[in-house]
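One structure is given below, encoded as structure tokens.
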Amino acid sequence: RHPLATFFHLFFRVSAIITYLFCDWFSNSFVACFVTILLLLSFDFWSVKNVTGRLLVGLRWWNQIDEDGKSHWVFEARRVPTRAASTEAEARIFWLGLIICPAIWTVFFFSTLFSLKLKWLALVIAGISLQTANLYGYIHCKLGGHKSTSRATSSFFVTADVPKRQARRMSEDPIEEHGKTGTR
């Protein structure tokens, strides 16, 4: 059981939404509200991506940049044979929070757009982006985490092993290599 992780999974998400809804009541400063909500969204993104996803559902994702500057998403899923009732409830809370909050921020987007409160639009877009990035990552982990991780790992070992195999093959049978080119 991970009650602290479950609490923080919901705390930052709900706090950002409540602060967005009621910030005008407590402060007249747009900048203070903006920064507070953005910090709560950032804390939520970090905690969900790095802590609660791993503890509550056994999933994690990250993005790597290779030497060529290409971005690669890596998805990982831990195999859990049986789950206790408490961890099943935590997993349900995790997925509900992960799905419902981006929907709420999408509603905020349309309400902000139609009410012409355009100064809040950047914040709402940031909320949608951060929440949707976590949702995207965890859906890919859930649907294909083992395949992606094993594919990334096997492709790494295959590309690292190719020069060794080519050198070994050339030293063992040079005639076969020449036979492939047609010059014997």
> Do I93 and V57 belong together in a cluster built from hydrophobic side chains that touch within less than 4.5 Å?
Replying inline: no
> Is a donor on one side and an acceptor on the other found under 3.5 Å between the side chain of R13 and the backbone of C101?
Replying inline: no
>> As an exercise, state the distance from CG of L123 to CD1 of I37, rounded to the nearest 0.5 Å.
In response: 5.0 Å
> Looking only at heavy atoms, which two atoms of G137 and W73 are closest? And how far apart?
Replying inline: CA-CZ3, 4.5 Å
> If you round to the nearest 0.5 Å, how far is CD1 of I125 from CG of L113?
Replying inline: 8.5 Å
Would you be so kind as to tabulate the donor-acceptor pairs closer than 3.5 Å made by side chains of residues 17-34, with sequence neighbours excluded?
{"unit_1": "T19", "atom_1": "OG1", "unit_2": "S15", "atom_2": "O", "d": "2.6"}
{"unit_1": "Y20", "atom_1": "OH", "unit_2": "T112", "atom_2": "OG1", "d": "2.8"}
{"unit_1": "S27", "atom_1": "OG", "unit_2": "S29", "atom_2": "N", "d": "3.1"}
{"unit_1": "S29", "atom_1": "OG", "unit_2": "A32", "atom_2": "N", "d": "3.2"}

> How would you list, by chain and number, every residue that makes a side-chain contact (heavy atoms from CB on, under 4.5 Å) with F110, sequence neighbours excluded?
Replying inline: T106, F114
> Less than 6.0 Å separating the ring centroids of W46 and F43?
Replying inline: no
>> Apply the hydrophobic cluster definition, ILVMFWY joined by side-chain contacts under 4.5 Å directly or through others, and give me every member besides V107.
In response: none
>> Quick one: does any side-chain atom of S47 pair with a main-chain N or O of D44 as donor and acceptor, under 3.5 Å?
In response: yes
> side-chain hydrogen bond (donor to acceptor under 3.5 Å, both in side chains) with D66: which residues, sequence neighbours excluded?
Replying inline: H72
>> Enumerate the side chain to side chain donor-acceptor pair (under 3.5 Å) contacts for residues 118-127, please, sequence neighbours excluded, ordered by first and then second residue.
In response: none
> Rounded to the nearest 0.5 Å, what separation is found between the NE2 atom of H9 and the CG atom of L98?
Replying inline: 6.0 Å
> What residues, two or more places apart in sequence or in another chain, satisfy side-chain contact (heavy atoms from CB on, under 4.5 Å) together with A5?
Replying inline: H2, T52, L55, L56
> So W61 and N134, side-chain contact (heavy atoms from CB on, under 4.5 Å) or not? Walk me through it.
Replying inline: CA-CA 9 Å; W61 63 272; N134 264 333; 3.4 Å; yes
